[in-house]
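Written out below as structure tokens is the structure these notes cover.
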Amino acid sequence: MKVTVVGAGAVGATTADNLVRRSVAEEIILLDIKEGFAEGKAQDISQTAALLGFDAKIKGVTNDYAQTAGSAVAVITSGIPRKPGMTREELIGTNANIVKSVVENLVKHSPDIIIVIVSNPMDTMTYLALKSSGLPKNRIIGMGGTLDSARFKYQLSEKLNASPADLNAIVIGGHGDTTMIPLIQHATWNSIPVSTFLTKEEQDDIVQKTMVGGATLTALIGTSAWYAPGAASAAVVESIVRDQNKLFTASVYLEGEFGQEDINLGVPVIINKNGWDRIVPLELSDEESQKFNASAEAVRNMNNVLKEINAL
Ligand SMILES: NC(=O)C1=CN([C@@H]2O[C@H](COP(=O)(O)OP(=O)(O)OC[C@H]3O[C@@H](n4cnc5c(N)ncnc54)[C@H](O)[C@@H]3O)[C@@H](O)[C@H]2O)C=CC1
Ligand SMILES: O=C([O-])CC(=O)C(=O)O
């Protein structure tokens with residue numbers, strides 16, 4: 001099977017590295033617009049094969065979409081990342097045109113492709129990819145909730161001194177500093193509600209730290225994060241390629257589910273060879289529903305910007 005990763009920058013190269021190490025696909029194409037950049041990253045990654053022991057092949061190309069032909073899955077990471085003090089939403093003006101043209105090129109060469117969108121503002125870029133490509137909704141997946149949920153588990157594990165693998169916790173809503181909703185009331189430590197162990201203040205602190213997880217790293221590093229984003233993107237691709245039926249939160253097109261329609265927003269879904277196969281119903285409290293609706297309103301406002309900048 002062939003998988004394409006567009007954008008050989010921090011997140012794209014890390015995604016490809018994770019895919020190759022675990023031999024998720026036999027053939028990986030890494031594509032970037034910068035001359036020679038993807039070729040260099042692919043060669044560097046290939047030179048770890050003798051050390052790590054994998055057989056998967058990775059090839060870097062400069063904007064040559066013919067090489068991506070027949071891809072089963074593509075991950076789009078092309079575009080600019082934010083700098084300290086910026087929001088993800090501020091990237092829309094640059095990234096919308098990049099994402100739109102990348103989607104068009106991918107679909108031209110691989111009409112049956114499943115696309116995972118990573119570029120920010122991710123929910124709006126996912127909506128743009130769906131609307132501009134006309135692909136079936138199940139073949140466009142926004143990656144944000146998988147990462148945010150991993151960060152939520154990290155914060156919980158630090159406070160509980162627990163293994164992250166023993167934690168069950170998800171983040172729904174938008175992939176934004178103020179729009180994501182870590183569902184602390186639903187979080188468990190191997191089936192035991194985390195509220196058993198944490199005070200209300202501790203829970204609020206974990207939720208807040210999770211929401212600004214990306215901004216915190218951007219302030220520390222000077223650009224946005226890539227290790228966990230790359231691992232999360234690769235996990236989504238792996239669930240598609242290996243038909244794993246994993247339950248992740250991802251930004252998918254809602255048609256009445258969770259009370260919202262004509263919007264891409266993070267909800268629990270099953271991911272398998274069909275892309276996002278189905279939405280998993282989840283009962284929300286009144287407070288959680290209010291937050292979800294507020295998140296939808298903020299994302300819808302960003303989606304409306306697509307028309308103002310003539311991207312849709
Ligand atoms: N959804 C999520 O959870 C996350 C999203 N992101 C987003 O992912 C994007 C990439 O972040 P980084 O990898 O850190 O940035 P980066 O700057 O390291 O890499 C971006 C790459 O895209 C390439 N590129 C630009 N235009 C292109 C085009 N038209 N075709 C092909 N390649 C093109 C650039 O040459 C560059 O190599 C950003 O928008 C960032 O905000 C980052 C982390 C998590
Ligand atoms: O924070 C950012 O801008 C990049 C991103 O989406 C994340 O790491 O969650």
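The figures that follow rest on heavy atoms only: side chains count, while hydrogens, waters and symmetry mates do not. Note that the structure is predicted; figures quoted are calculated from it, not measured. Ligands are counted one by one from 1 in listed order, and the atoms in each one are counted from 1 as well.
- With salt bridges taken as basic N to acidic carboxylate O contacts below 4.0 Å, none links Lys100 and Glu104.
- For Pro164, the side chain to side chain contact (heavy atoms under 4.5 Å, CB included) partners at least two apart in sequence or on another chain are Ser157.
- Looking at Asn120 against ligand 2, only its side chain comes within 4.0 Å, counting heavy atoms.
- Between Ile76 and Leu106 the shortest side-chain heavy-atom distance falls below 4.5 Å.
- Considering Asp148, Asn120, Asn105 only, the shortest heavy-atom separation from atom 40 (C) of ligand 1 involves Asn120.
- For ligand 1, none of its N or O atoms has an N or O atom of Gly7 under 3.5 Å away.
- Close approach of ligand 1 to Phe37 is summarised as follows: ligand atoms under 4.0 Å from at least one heavy atom of the residue are 37 (O).
- Tyr253 places a side-chain heavy atom less than 4.5 Å from the side chain of Lys131.
- Checked by distance only, ligand 1 and Val118 come closer than 3.5 Å through their nitrogen or oxygen atoms.
- Remark: side-chain polar atoms of Glu257 are paired, donor with acceptor, to backbone N or O of Glu255 under 3.5 angstrom.
- Looking at Leu217, Thr77, Val99, Thr223, it is Thr77 that brings a heavy atom closest to atom 10 (C) of ligand 1.
- In this structure, the side chains of Asp204 and Lys200 come closer than 4.5 Å at one or more pairs of heavy atoms.
- The nearest heavy-atom contact from the protein to atom 4 (C) of ligand 2 is Ser224 CB, 3.4 Å.
- Checked against a 3.5 angstrom limit, the closest N/O atoms of His175 and ligand 1 fall inside it.
- Annotation: side chain of Glu288 is in contact with side chain of His186 (closest heavy-atom distance under 4.5 Å).
- Remark: ligand 1 and Asp32 share an N or O pair separated by less than 3.5 Å (distance only, no angle test).
- Checked by distance only, ligand 1 and Ser101 stay at 3.5 Å or farther apart across all their nitrogen or oxygen atoms.
- Taking a cut-off of under 4.0 Å to the non-hydrogen atoms of Lys34, the atoms of ligand 1 that pass are 35 (O).
- The shortest N or O to N or O distance between Leu91 and ligand 1 is not below 3.5 Å.
- For the pair Thr249 (side chain) and Gly145 (backbone), a donor-acceptor distance under 3.5 Å is present.
- Residue Arg88 places every heavy atom at 4.0 Å or more from ligand 1.
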Which atom pairs, one a donor and one an acceptor, fall under 3.5 Å between side chains of residues 40-58 and the rest of the protein, sequence neighbours left out?
{"residue": "Lys41", "atom": "NZ", "partner": "Ala8", "partner atom": "O", "Å": "3.1"}
{"residue": "Ser46", "atom": "OG", "partner": "Ala42", "partner atom": "O", "Å": "2.8"}
{"residue": "Thr48", "atom": "OG1", "partner": "Ile45", "partner atom": "O", "Å": "2.6"}

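- Of all the heavy atoms in Val24 and Val241, the pair that sits closest is O-CG1, 3.3 Å.
- The distance from ligand 2 to the heavy atoms of Arg82 drops below 4.0 Å at these ligand atoms: 1 (O), 2 (C), 3 (O).
- For Arg151, every heavy-atom contact with ligand 2 shorter than 4.0 Å involves the side chain, none the backbone.
- Between Ile80 and ligand 1, at least one N/O pair is under 3.5 Å apart.
- Between the side chains of Ser195 and Gln185, no donor-acceptor pair is found at a separation under 3.5 Å.
- The option with the heavy atom closest to atom 20 (C) of ligand 1, from among Gly79, Ser224, Ala8, is Gly79.
- Contact of the Val299 side chain with the Thr124 side chain is registered, since non-hydrogen atoms from C-beta on lie closer than 4.5 Å.
- Comparing Ala10, Gly9, Pro81 by heavy-atom distance to atom 17 (O) of ligand 1, the nearest is Pro81.
- At a 4.0 Å heavy-atom cut-off, ligand 2 touches His175 through the side chain alone.
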